[in-house]
Peer 1: 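Quick one: the structure is below, questions incoming.
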Amino acid sequence: QLQLVESGGGLVQPGGSLRLSCAASRFTLAVYRIGWFRQAPGKEREGVSCISTTGGSTNYADSVKGRFTISRDNAKDTVYLQMNSLKPEDTAVYYCAVCVLGPGTIRAIGSWGQGTQVTVSS
């Protein structure tokens, strides 16, 4: 079973930037669409972004369009999420997982990792 490990979270001030990384253990992630998801306290987990196997196609939630960029380096077996212009409402635990696209949504399949905490606060 594909296992993914997230890293790169931290505390950042509003307007700041962070880059998250998602790496695979045991199996390569190069053959999967990979997405980023987040869960804020008291809220349901939501899909943030999803990238195709080659990186040629990307999708974003409306709340992060123009601020977040998903990318992948299959040679390094890693998927990234560059987050710019961060807002307090971006505070959440961020997870990566295999993703599929639904009507207006980004959904995950498979298991979840431990996630990485992103806190945007002054």
Peer 1: According to a hydrophobic-cluster definition based on side-chain heavy atoms being under 4.5 Å apart (Ile, Leu, Val, Met, Phe, Trp, Tyr only), do Leu20 and Val5 belong together?
Peer 2: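 No, because Leu20 and Val5 fall into different hydrophobic clusters, even though each may have its own neighbours under 4.5 Å.
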Peer 1: Flag the pair Ile34 / Ile70 as yes when at least one side-chain heavy-atom distance between them is below 4.5 Å, and no otherwise.
Peer 2: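 Contact flag for Ile34/Ile70 side chains = no.
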Peer 1: Among residues two or more places apart or on two chains, list those pairs meeting side-chain hydrogen bond (donor to acceptor under 3.5 Å, both in side chains) that have a residue in residues 78-101.
Peer 2: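 As it turns out, the side-chain hydrogen bond (donor to acceptor under 3.5 Å, both in side chains) pairs with a partner in residues 78-101, which skip direct neighbours, are Ser17-Asn84, Arg38-Asp90, Arg38-Tyr94, Arg67-Asp90, Gln82-Asn84.
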Peer 1: Tell me, do Ser49 and Phe37 make a side-chain contact under 4.5 Å, heavy atoms counted?
Peer 2: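 Contact flag for Ser49/Phe37 side chains = no.
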Peer 1: Verify, without hydrogens or angle tests, whether Thr28 (side chain) and Ala30 (backbone) share a donor-acceptor contact under 3.5 angstrom.
Peer 2: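 The answer is yes, because a donor-acceptor pair under 3.5 Å joins these two groups.
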Peer 1: Does the side chain of Ile51 reach to within under 4.5 Å of the side chain of Val79, using non-hydrogen atoms?
Peer 2: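 Yes, side chains in contact.
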Peer 1: Identify the heavy atoms of Ile106 and Cys50 that sit nearest to each other, and give their distance.
Peer 2: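 In this case the closest contact between Ile106 and Cys50 is CG2-CB, 3.8 Å.
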Peer 1: Kindly give the heavy-atom pair with the smallest separation between Ala97 and Ser111, and that separation in Å.
Peer 2: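 Scanning both residues, the minimum pair turns out to be CB-O, 4.3 Å.
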Peer 1: Report yes if the side chains of Trp36 and Glu6 come closer than 4.5 Å at any heavy-atom pair, otherwise no.
Peer 2: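 Trp36 vs Glu6: side chains touch.
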Peer 1: Could you check whether any side-chain N or O of Arg72 sits under 3.5 Å from a backbone N or O of Leu29, counting only pairs where one atom can act as donor and the other as acceptor?
Peer 2: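 Side chain of Arg72 to backbone of Leu29: a pair is present.
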Peer 1: Establish whether Trp112 and Val93 are linked, either directly or via other cluster members, by ILVMFWY side-chain heavy-atom contacts under 4.5 Å.
Peer 2: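 Yes, because Trp112 and Val93 connect within a single hydrophobic cluster, where side-chain heavy atoms sit under 4.5 Å apart.
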Peer 1: Flag yes if Tyr32 and Phe27 sit in one hydrophobic cluster, no otherwise; membership is Ile, Leu, Val, Met, Phe, Trp, Tyr, and two members link when side-chain heavy atoms are under 4.5 Å apart.
Peer 2: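 Yes.
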Peer 1: If you take all heavy atoms of Ala92 and Ala40, which pair is closest and at what distance?
Peer 2: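 What the structure gives for the nearest pair is CB-N, 3.8 Å.
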Peer 1: Would you compute the distance between atom CG of Leu86 and atom CZ of Phe68 and round it to the nearest 0.5 angstrom?
Peer 2: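 Rounded to the nearest 0.5 Å, the CG-CZ separation comes out at 5.0 Å.
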Peer 1: Under 4.5 Å between side-chain heavy atoms, counting indirect links through other Ile/Leu/Val/Met/Phe/Trp/Tyr residues: same cluster for Val100 and Val48 or not?
Peer 2: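 Yes: a chain of side-chain contacts under 4.5 Å links Val100 to Val48.
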Peer 1: Do Leu81 and Thr69 have side chains that approach each other closer than 4.5 Å (heavy atoms only, starting at C-beta)?
Peer 2: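 Contact flag for Leu81/Thr69 side chains = no.
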Peer 1: Measure the shortest side-chain to side-chain distance between Ser121 and Pro88 over non-hydrogen atoms and say whether it is less than 4.5 angstrom.
Peer 2: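 No, side chains not in contact.
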Peer 1: Just to verify, what does Thr54 make a side-chain contact (heavy atoms from CB on, under 4.5 Å) with, not counting sequence neighbours?
Peer 2: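 side-chain contact (heavy atoms from CB on, under 4.5 Å) check on Thr54 returns Ser52.
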Peer 1: Is any side-chain heavy atom of Arg33 closer than 4.5 Å to a side-chain heavy atom of Asn59?
Peer 2: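 Side chain of Arg33 against side chain of Asn59, heavy atoms only: contact under 4.5 Å found.
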Peer 1: Does the Gln3 side chain pair with the main chain of Ser25, one donor and one acceptor, at a distance under 3.5 Å?
Peer 2: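 No.
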Peer 1: What residues form a side-chain hydrogen bond (donor to acceptor under 3.5 Å, both in side chains) with Gln39, not counting sequence neighbours?
Peer 2: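 Residues passing side-chain hydrogen bond (donor to acceptor under 3.5 Å, both in side chains) with Gln39: none at all.
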